[in-house]
Student: 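Okay, handing you the structure first.
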Amino acid sequence: MTNQDIEKKLQKIAYQKTIPFCYQCYREAPTGTCKTCMNDDLMRLLPGSGCEYGHDWIVKELLEESLTPADVSEIFEQMIEDCYGETTNVGFLELCTVSVMKDQDPISWDMAKSEYIDGLEQDGELITFDNGSSYYWVSDIEDYLDEVLEEEP
Ligand SMILES: [Zn+2]
């Protein structure tokens with residue numbers, strides 16, 4: 001599944017789970033046109049959550065409700081430990097590799113972390129819908145899509 005397919009399917013779910021809503025009349029308009037004022041520039045109402053224009057916010061809420069975002073710090077730390085070991089000897093001390101690296105050069109650490117996460121995104125392992133504020137595992141998203149789209153008649 002490409003990112004485009006994923007976004008298309010999430011958009012579809014976002015529309016399925018919401019109802020067109022006329023904010024002017026403050027009423028639902030399930031047909032897509034408000035019966036009171038004939039307005040067809042409608043918000044989407046997500047029951048229990050609120051109403052707003054567009055669908056990106058719905059995707060965001062549905063994912064937040066159903067999935068746990070990937071912990072990118074933990075993913076990166078795990079990779080470092082796998083590569084360099086959990087502990088590193090400095091002189092006669094055996095120190096935690098991750099803590100030493102972070103403490104000694106936090107800037108390089110953050111740069112390497114974002115490069116690594118970008119790489120995972122390019123490889124199609126991780127996906128973001130908010131320009132990198134949060135990431136999800138693509139496999140989690142695919143499971144979610146399978147689950148939700150299966151409920152369809
Ligand atoms: Zn209206």
Side-chain angles (χ1 to χ4, degrees), residues 1-83 96-99 101-153:
M1 219 185 288
T2 66
N3 282 8
Q4 243 179 346
D5 290 334
I6 290 175
E7 280 177 35
K8 238 186 253 171
K9 286 188 179 171
L10 286 171
Q11 191 173 335
K12 190 175 166 198
I13 294 170
Y15 279 107
Q16 279 172 354
K17 296 212 178 247
T18 53
I19 305 156
F21 188 81
C22 179
Y23 195 70
Q24 278 163 302
C25 306
Y26 218 79
R27 58 169 286 177
E28 292 175 10
T31 57
T33 304
C34 175
K35 281 185 184 146
T36 311
C37 68
M38 302 312 281
N39 178 17
D40 62 0
D41 180 25
L42 300 171
M43 290 185 170
R44 309 287 311 181
L45 172 72
L46 180 62
S49 189
C51 56
E52 196 54 70
Y53 287 106
H55 66 267
D56 288 346
W57 68 277
I58 306 165
V59 169
K60 209 166 169 275
E61 294 222 357
L62 292 176
L63 292 178
E64 277 170 9
E65 185 185 287
S66 316
L67 299 175
T68 311
D71 185 335
V72 293
S73 294
E74 198 184 294
I75 293 165
F76 183 61
E77 286 173 15
Q78 190 61 55
M79 184 279 284
I80 293 292
E81 285 184 351
D82 292 346
C83 281
C96 166
T97 309
V98 167
S99 307
M101 290 179 75
K102 267 200 237 178
D103 289 348
Q104 287 302 310
D105 195 341
I107 294 171
S108 301
W109 176 267
D110 285 344
M111 273 170 51
K113 184 170 97 179
S114 39
E115 271 171 32
Y116 183 65
I117 298 304
D118 281 353
L120 289 179
E121 191 187 354
Q122 274 158 24
D123 293 343
E125 302 266 353
L126 290 176
I127 188 166
T128 179
F129 302 99
D130 50 16
N131 293 316
S133 297
S134 61
Y135 286 90
Y136 290 94
W137 289 109
V138 169
S139 56
D140 284 353
I141 301 268
E142 285 174 346
D143 289 347
Y144 171 75
L145 290 173
D146 284 345
E147 198 178 302
V148 175
L149 295 172
E150 232 171 56
E151 288 167 12
E152 274 178 59

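Atoms within a ligand are numbered from 1 in the order they appear, just like the ligands themselves.
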Student: I'd like to know if the side chain of Ser114 and the backbone of Met111 have a donor-acceptor N/O pair within less than 3.5 Å.
Tutor: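 At least one qualifying donor-acceptor pair exists.
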Student: With no hydrogens and no angle check, do the side chains of Gln78 and Asp82 hold a donor and an acceptor under 3.5 Å apart?
Tutor: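 Yes - a donor-acceptor pair under 3.5 Å links their side chains.
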Student: Tell me how many protein N, O or S atoms are within a distance shorter than 2.8 Å of the Zn ion (ligand 1).
Tutor: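 Excluding waters, the total comes to 4.
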Student: Of all heavy-atom pairs between Leu126 and Ile117, which one has the smallest distance, and what is that distance?
Tutor: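 Here Leu126 and Ile117 meet closest at CD1-CG2, 4.0 Å.
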Student: Checking Thr128 against Asp130: is there a side-chain donor and acceptor pair closer than 3.5 Å?
Tutor: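 Result is yes, a qualifying pair exists.
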Student: Can you tell me how far the CZ atom of Phe129 sits from the NZ atom of Lys60, to the nearest 0.5 Å?
Tutor: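 Those atoms lie 11.5 Å apart.
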Student: Run the side chain to side chain contact (heavy atoms under 4.5 Å, CB included) test against Val98 and tell me which residues pass, sequence neighbours left out.
Tutor: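 Side chain to side chain contact (heavy atoms under 4.5 Å, CB included) check on Val98 returns Glu77, Ile80, Glu81, Cys96, Lys102, Trp109.
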